[in-house]
Trainee: 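Let me begin by handing over the structure; questions about it come next.
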Number of protein chains: 2
Amino acid sequence: MVMEGAGKILEKLRGRGHRSTKARRLILELFISSDRPLSSADLRKMFLLKKMAVNKTTVYRELEFLAGEKIIEEIQLGKTRYFEIPKKRHHHLVCLKCRRIECLEPEKNLLKRITIKNKDFKILNYSLEIFGLCLKCK
Amino acid sequence: MVMEGAGKILEKLRGRGHRSTKARRLILELFISSDRPLSSADLRKMFLLKKMAVNKTTVYRELEFLAGEKIIEEIQLGKTRYFEIPKKRHHHLVCLKCRRIECLEPEKNLLKRITIKNKDFKILNYSLEIFGLCLKCK
DNA sequence: TATCTTAATGCAACTGAGTTGCATTTGTCA
DNA sequence: TGACAAATGCAACTCAGTTGCATTAAGATA
């Protein structure tokens, strides 16, 4: 899967009348270089580590903004809200001990089988999340 | 599926040193007569409608307690935490407009297929949730 | 490159779900 | 009927996320 760079995304946003700001660039870079979903708390921790001051309101607003622009998408894993760059529909393994999240190949025929069984419900989205113990924790 | 009555459940809890209280009986009855998962807000609304005063701390503690005793189990649907009486493993359809939840037949071979692909991860639990529009809302 | 417009930011104060400590009440059993 | 602990209610708290508003700064335009 070829990943779109931060530059390309910023250019696209520019075209829609949005600006390339420090916070926006930082957050985009973090999402692009991460192989797993990130929560607002993850982002804030990373900023703290890099000693970069980004206000929490800005983080929340930027997540909201990027999700609205379809640059990232929101997923709920247990009680925590995460975001990630949309890839092919896929699922997540969540380790209940160390909280590590791993992305998982999609289940190809899943949705089709469900659609057939539920003609009356228009499916817009679905999520398959698997909880357990990872190799290190089990 | 034969549903266990509130009496049977209370008896079981009695055996473990717990009491049959007004709040406990009320909450159990609500779960038993509901065909869909309930959130703490749902319970509190129902109490308000029936003009029955149950403190919010009591509701939260009772949910925690019943979940700990495996009488109900917790599920996360979008941003809201729900609880339901455990049935055969199943899934949920959530209408994004009216927020109505419907229970769904289990996907039989789902877990088995995933297990084979991920030998390194010990699966303890999983959830498949489907979001969209119900018959009325679409 | 100075100016202007408005997108983006930072701050403080707020909301709403859920939690905690503690004093009081109440179910159950001897 | 007491005694004991489980359960309750209340107030005060935590924590994620939101809002209003004044300030800053991208970046387009002159």
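The chains referred to below are lettered A, B, ... by the order of the sequence lines, with proteins before strands, and numbering in each begins at 1. This is a predicted model, so every value here is computed, not measured.
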Trainee: Please list, chain by chain and in numerical order, all residues satisfying side-chain contact (heavy atoms from CB on, under 4.5 Å) with Ala67(B), sequence neighbours excluded.
Mentor: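 Here the qualifying residues are Ile72(B), Phe83(B).
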Trainee: For a 4.0 angstrom threshold against heavy atoms of chain A, report the outermost contacting nucleotides of DNA chain D in 5' to 3' order.
Mentor: dA16(D) to dA28(D)
Trainee: Which part of the nucleic acid, if any, lies within reach of Thr80(A) when heavy atoms closer than 4.0 Å are counted: base, sugar-phosphate only, or nothing?
Mentor: nothing
Trainee: Without placing hydrogens or testing angles, list every side-chain donor-acceptor pair under 3.5 Å for residues 120-131 of chain A, not counting sequence neighbours.
Mentor:
{"from": "Asn125(A)", "atom 1": "OD1", "to": "Arg89(A)", "atom 2": "NH2", "distance (Å)": "2.7"}
{"from": "Glu129(A)", "atom 1": "OE1", "to": "His92(A)", "atom 2": "N", "distance (Å)": "3.3"}
{"from": "Glu129(A)", "atom 1": "OE1", "to": "His92(A)", "atom 2": "ND1", "distance (Å)": "3.2"}

Trainee: Would you mind telling me which of Lys22(B), Arg44(B), Arg24(B) makes a salt bridge (charged side-chain N to carboxylate O under 4.0 Å, His left out) with Glu62(B)?
Mentor: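 Answer after filtering Lys22(B), Arg44(B), Arg24(B): Arg24(B).
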Trainee: Would you check if the side chain of Arg16(B) reaches a backbone N or O of Glu69(B) as a donor-acceptor pair within less than 3.5 Å?
Mentor: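 Yes; judged by distance alone, with no hydrogens or angles, the pair exists.
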Trainee: I need the Leu26(A) CG to Met52(A) CE distance, nearest 0.5 Å.
Mentor: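 Taking CG in Leu26(A) and CE in Met52(A), the distance rounds to 4.5 Å.
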Trainee: Give me the residues of residues 36-58 of chain A where at least one heavy atom lies under 4.0 Å from an atom of DNA chain D, by number, or none.
Mentor: Ser40(A), Lys56(A), Thr57(A)
Trainee: Return the set of residues passing salt bridge (Lys or Arg N to Asp or Glu O under 4.0 Å) with Glu74(B) (not counting sequence neighbours), or none when no residue passes.
Mentor: Lys79(A), Arg81(B)
Trainee: Return the CD to CG distance between Glu73(A) and Leu66(A), rounded to the nearest 0.5 Å.
Mentor: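 These two atoms lie 12.5 Å from each other.
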Trainee: Run through the side-chain heavy atoms of Ile, Leu, Val, Met, Phe, Trp and Tyr, join any pair under 4.5 Å, and report what else lands in Leu135(A)'s cluster.
Mentor: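 Answer for Leu135(A): none, a lone residue.
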Trainee: Please identify each residue that fulfils side chain to side chain donor-acceptor pair (under 3.5 Å) with Glu11(B), with sequence neighbours left out.
Mentor: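 So Glu11(B) forms no side chain to side chain donor-acceptor pair (under 3.5 Å) with any residue.
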Trainee: If you measure from CG on Asp35(B) to SG on Cys103(B), what distance do you get to the nearest 0.5 Å?
Mentor: 7.0 Å
Trainee: Under the ring-ring contact (aromatic ring centres under 6.0 Å, His included) test, which residues partner Tyr82(B), sequence neighbours left out?
Mentor: none
Trainee: Kindly write out the residues that satisfy side chain to side chain donor-acceptor pair (under 3.5 Å) with Thr57(B), not counting sequence neighbours, or none if the list is empty.
Mentor: Asn55(B)
Trainee: Specify the residue among Lys79(A) and Lys22(B) whose closest nucleotide of DNA chain C lies further upstream toward the 5′ end.
Mentor: Lys79(A)
Trainee: Quick one, which residues of residues 60-73 of chain B touch DNA chain D with a heavy atom under 4.0 Å?
Mentor: Arg61(B), Glu62(B)
Trainee: Check DNA chain D against residues 10-19 of chain B and give the residues with a non-hydrogen atom under 4.0 Å, in numerical order.
Mentor: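 DNA chain D contact set from residues 10-19 of chain B: Gly17(B), His18(B), Arg19(B).
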Trainee: Could you pull out all residues at least two apart from Arg14(A) that satisfy side-chain contact (heavy atoms from CB on, under 4.5 Å)?
Mentor: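 Once residues adjacent in sequence are excluded, the partners of Arg14(A) under the side-chain contact (heavy atoms from CB on, under 4.5 Å) criterion are Ser20(A).
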